[in-house]
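See structure below.
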Amino acid sequence: MRRWAVFVLTAAAAATLAAADKPSGTLDSALAALAADRITSIEYNGVGKWYQVGQEASPTLPPPEFDVSSYTATIDYVAAAKRVQMASRQTVDPNRLRFPPREARADEYVAGDAAWIVGRPGGPATGLPVTNVPDAKNVEERAMEIWATPQGFLRAAAANHATSTPTTDGGTEVTFMAGKHKFVGKINAQNEVQKIHTWISNPVLGDMLCEAAFTGYRDFGGVMFPSRIVRTAGGRLRLDLTISSVKANPAVHIVVPDGMRAAMSAPVKATADKLADGVYWIKGGQWHSVAIDQADHIVVVDAPIDEARSLAVIAKVKETIPNKPIKYVINTHAHFDHAGGLRTYVGEGATIVTLPMNQAFYERAWREPRTLNPDRLTQSGKTPKFEPVLNGKAVLSDGRRAIEIHEQVGTAHNDAIVMVYLPKEKILIQVDAWNTEAVTAPYLDTIGGDFVNPYMVNLYENILRLKLDVAQIVPLHGPRTATVAELRKALLLE
Ligand SMILES: [Zn+2]
């Protein structure tokens with residue numbers, strides 16, 4: 001009878017007994033209470049909110065919010081591997097007219113130093129076949145999240161010579177280094193991991209503080225786990241999950257796909273397409289720039305992604321337009337995928353042309369430390385120089401060619417965004433308004449009828465407002481240039 005009783009003891013009950021003979025509120029007692037030493041893998045499910053950090057509608061607004069209808073994280077602590085499956089839909093903001101949000105299904109992986117997603121290369125709208133897509137820029141965040149779970153934190157603390165400092169409320173602050181990353185966690189007097197913070201590198205924010213808060217611990221079928229997890233990144237909300245179920249020690253089989261590591265470390269490619277004399281479309285994957293050959297210098301429009309992308313673009317620009325310095329880089333807006341490469345140009349000596357709101361954001365963000373991944377600007381010690389776009393317009397001219405920078409007014413996409421117009425060449429460079437691919441089809445299939453994308457309507461309104469004579473619309477995302485007649489057709493005006 002007694003043997004049977006011991007046999008059916010749940011992991012949580014056994015852990016409580018094991019924790020009882022250790023001083024409470026310590027790393028040892030928490031390890032026992034949360035059964036962290038015996039939990040080599042975990043799966044948790046929940047619903048809540050997810051936030052698209054880096055896509056804020058302005059640098060002073062919170063990130064776009066998504067309703068998460070299902071979330072499953074599966075973690076193998078021994079292999080340092082994690083999979084997240086999430087179904088979400090952007091929350092409709094009645095003050096910002098966007099295309100109606102569709103449900104997005106994410107399937108994301110990390111294993112050691114490899115990260116990938118299972119999805120369509122370039123996003124769902126491309127219609128390309130679903131495959132394993134390398135996702136190098138998210139390795140650090142996903143790997144961090146493995147150890148920023150209660151059991152993961154305790155296991156990593158035990159394995160990495162953590163130091164413990166008692167807190168005044170009967171708990172302990174536990175600190176350790178995992179590789180170059182410092183983790184700090186708070187264990188409370190109830191042997192619960194209450195909070196964890198660490199830093200990961202971000203091209204815009206530098207050493208970015210990431211915090212996790214765990215509340216409402218309870219016994220989920222034999223394992224003690226929080227019923228709510230709230231994560232932040234760079235001071236912004238990232239994830240807010242209410243946990244519905246937890247499985248201890250599920251079978252996990254996450255394997256890095258063949259060729260993934262090679263694909264992740266493949267050099268960044270940039271190509272140059274001539275748009276007009278002295279005007280080149282520098283394309284790379286889903287993010288492009290434009291290089292303009294002025295009398296004694298070069299102007300580059302947009303510096304997407306990160307330093308690796310910028311170095312590839314700068315090399316292609318210098319090969320295409322030899323022996324001239326890049327004097328200006330025009331920043332379209334502060335979304336991280338369009339701002340992450342800016343600092344490399346500053347390191348090259350370029351002045352950033354942007355709207356004042358974005359300038360203020362960069363000046364603030366770039367004061368933060370960059371110890372995890374010091375870039376060329378950090379190493380150069382240079383001070384960023386800005387030329388603000390005041391009163392909605394700036395002009396860069398070498399006496400032969402004018403480059404007009406216009407504020408794009410009234411788009412729900414971003415409150416501080418510019419487009420670039422070359423009057424002589426009749427070229428309009430725009431971003432995130434019209435990607436020129438799959439014109440209305442992706443939206444028609446769920447909306448039906450005469451739906452048009454409000455971002456494209458706004459682009460057309462701005463062309464009319466500014467009375468621009470446009471022969472070529474050049475997108476900074478998208479496969480091809482287009483004409484205003486094509487834009488009108490897409491808007492069902494022709
Ligand atoms: Zn954007």
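Only this structure's heavy atoms are used, side chains among them; waters, hydrogens and symmetry mates stay out.
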>> Between the side chains of Lys316 and Glu319, is the shortest nitrogen-to-carboxylate-oxygen separation below 4.0 Å, so that they form an ion pair?
In response: yes
> Residues in salt bridge (charged side-chain N to carboxylate O under 4.0 Å, His left out) with Lys467, at least two apart?
Replying inline: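 With sequence neighbours excluded, Lys467 shows a salt bridge (charged side-chain N to carboxylate O under 4.0 Å, His left out) to no residue whatsoever.
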>> Assess the residue pair Asp67 and Lys49 against the criterion (salt bridge (Lys or Arg N to Asp or Glu O under 4.0 Å)); give the C-alpha distance rounded to whole Å, side-chain angles, the decisive distance to 0.1 Å, and a yes or no.
In response: CA-CA 5 Å; Asp67 287 313; Lys49 301 276 188 192; 2.4 Å; yes
Indicate yes or no for a side-chain donor-acceptor contact from [X] to the backbone of [Y] under 3.5 Å, with no hydrogens or angles considered.
X: Gln472; Y: Leu275; result: yes
X: Arg231; Y: Ala148; result: yes
X: Arg83; Y: Val110; result: no
X: Lys283; Y: His288; result: no

> If you take all heavy atoms of Leu355 and Ile417, which pair is closest and at what distance?
Replying inline: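 Closest pair (atom of Leu355, atom of Ile417, distance): CD1-N, 3.3 Å.
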>> Can you pull out every ring-ring contact (aromatic ring centres under 6.0 Å, His included) where at least one residue sits in residues 302-321? Sequence neighbours excluded, please.
In response: none
>> Considering only residues two or more places apart or on different chains, which pairs with a residue in residues 374-395 satisfy ring-ring contact (aromatic ring centres under 6.0 Å, His included)?
In response: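 Checked against ring-ring contact (aromatic ring centres under 6.0 Å, His included) - neighbours excluded - no pair reaches residues 374-395.
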> Would you say Ile117 and Asp107 make side-chain contact, with heavy atoms under 4.5 Å?
Replying inline: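 No, their side chains stay 4.5 Å or more apart.
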> Do Val252 and Ile75 come close enough that some side-chain heavy atom pair is under 4.5 Å?
Replying inline: no
If you look only at distance, which donor and acceptor atoms sit under 3.5 Å apart when one is on a side chain in residues 299-314 and the other is two or more places apart or in another chain?
from, atom 1, to, atom 2, distance (Å)
Asp302, OD1, Thr332, N, 3.1
Asp302, OD1, Thr332, OG1, 2.7
Asp302, OD2, His338, ND1, 2.7
Asp306, OD1, Ala308, N, 3.3
Asp306, OD1, Arg309, N, 3.0
Glu307, OE1, Thr344, OG1, 3.0
Glu307, OE1, Arg376, N, 3.4
Glu307, OE2, Arg376, N, 3.2
Arg309, NH1, Lys269, O, 3.0
Ser310, OG, Gly341, O, 2.7

Could you pull out every donor-acceptor pair under 3.5 Å between side chains of residues 408-415 and any protein atom, sequence neighbours left out?
from, atom 1, to, atom 2, distance (Å)
Gln408, NE2, Asn458, OD1, 3.0
Thr411, OG1, His413, N, 3.1
His413, NE2, His335, ND1, 3.2
His413, NE2, Asp432, OD2, 2.8
Asn414, OD1, Ala416, N, 2.8
Asn414, ND2, Glu56, O, 3.4
Asn414, ND2, His335, NE2, 3.2
Asp415, OD1, Arg96, NH1, 3.1
Asp415, OD1, Arg96, NH2, 3.1
Asp415, OD2, Arg96, NH2, 2.7

Test of understanding: with ring pair (Phe, Tyr, Trp, His ring centres under 6.0 Å), list the residues that count as partners of [X], not counting sequence neighbours.
X: Tyr345; result: none
X: Tyr51; result: none
X: Tyr109; result: Trp116

Partner set under side chain to side chain donor-acceptor pair (under 3.5 Å) for [X], not counting sequence neighbours:
X: Arg142; answer: Asp135
X: Thr74; answer: Glu43
X: Glu141; answer: Arg238

Are [X] and [Y] linked by a side-chain donor-acceptor pair shorter than 3.5 Å?
X: Thr232; Y: Glu211; value: yes
X: Arg401; Y: Gln294; value: yes
X: Tyr362; Y: Asn331; value: yes
X: Asn45; Y: Ser244; value: no
X: Thr483; Y: Arg488; value: no
X: Ser201; Y: Glu140; value: yes

> Does any pair with a residue in residues 380-390 pass side chain to side chain donor-acceptor pair (under 3.5 Å), and if so which ones, sequence neighbours excluded?
Replying inline: none
